Amino acid sequence: QAQLQESGGGEVQSGGSLRLSCAAPGRDFSKEAVGWYRQVPGKEPEFVAGINWGDDSTHYDDSVKGRFIIFREKDKSAVFLQMYDLKTGDTGVYYCVSATQGLWKVVRNPTSWGQGTQVIVSS
């Protein structure tokens, strides 16, 4: 199957905003639960946000609730992570992940991983 492709990473000042994108050219992305993980130095990747297939229900880690929004493009060709009020603690490599089994699988142990895109939040 086609690999997940992330984009949109970069540097932003604390309090700023950034939008990450994830797509999987060549496969029906609308039938997969999709999410984002963040990896920081010295830690394993940790779940940040996810969106289910079908009803597009969402789930967020407590650290980003109220600041991050995960949503699908209208044509379902991509999934975005809109990040507001970024903090230095949000810095890390963000990975797009997916699973056909559902959002629960994305939260626990996703089956597909992208290559990652770096986000740096400066104070």
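What you see is a predicted model, and the numbers here were worked out from it, not measured in a lab.
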Here the gap from H59 atom NE2 to N52 atom CG, rounded to the nearest 0.5 Å, amounts to 11.5 Å
Sequence neighbours excluded, the answer for side-chain hydrogen bond (donor to acceptor under 3.5 Å, both in side chains) partners of Q39 is Y95
side-chain hydrogen bond (donor to acceptor under 3.5 Å, both in side chains) partners for S77, two or more places apart: D75
Between V93 and G116 the two heavy atoms that sit nearest each other are CG1-CA, 3.9 Å
Heavy atoms of A99 and P110 approach each other most closely as CB-CA, 4.5 Å
Applying side-chain hydrogen bond (donor to acceptor under 3.5 Å, both in side chains), name anything that partners S30, two or more places apart in sequence or on another chain. D28
Show, in sequence, the C-alpha distance, side-chain angles and deciding distance for V106 and F47, and conclude whether the side chain to side chain contact (heavy atoms under 4.5 Å, CB included) test is met. CA-CA 8 Å; V106 166; F47 173 80; 4.2 Å; yes
What is the minimum heavy-atom distance between A33 and G102, and which atoms define it? CB-C, 3.4 Å
Does CD in Q3 sit with more than 12 non-hydrogen atoms of other residues, nucleotides or ligands closer than 6.0 Å? no
Suppose the criterion is salt bridge (charged side-chain N to carboxylate O under 4.0 Å, His left out): which pairs have a residue in residues 85-112, not counting sequence neighbours? R38-D90, R67-D90, D85-K87
Run through the side-chain heavy atoms of Ile, Leu, Val, Met, Phe, Trp and Tyr, join any pair under 4.5 Å, and report what else lands in F68's cluster. L4, V12, L18, L20, F29, V34, W36, V48, I51, Y60, V64, I69, I70, F71, V79, F80, L81, M83, Y84, L86, Y94, V119, V121
Going by the side-chain hydrogen bond (donor to acceptor under 3.5 Å, both in side chains) test, which pairs reach into residues 8-23, not counting sequence neighbours? none
Once disulfide (SG to SG under 2.5 Å) is applied, what residue pairs with a partner in residues 88-123 remain, sequence neighbours excluded? C22-C96
Which residues satisfy the side-chain hydrogen bond (donor to acceptor under 3.5 Å, both in side chains) test with E6, sequence neighbours excluded? Q115
Suppose the criterion is salt bridge (charged side-chain N to carboxylate O under 4.0 Å, His left out): which pairs have a residue in residues 40-53, not counting sequence neighbours? none
Hey, what's the ring geometry for Y37 with W113, parallel, tilted or perpendicular (30° and 60° as the breaks)? tilted
Would you list the pairs meeting salt bridge (charged side-chain N to carboxylate O under 4.0 Å, His left out) in which at least one residue belongs to residues 48-64, sequence neighbours left out? D56-R72, D62-K65
Disulfide (SG to SG under 2.5 Å) pairs, two or more places apart, involving residues 37-84: none
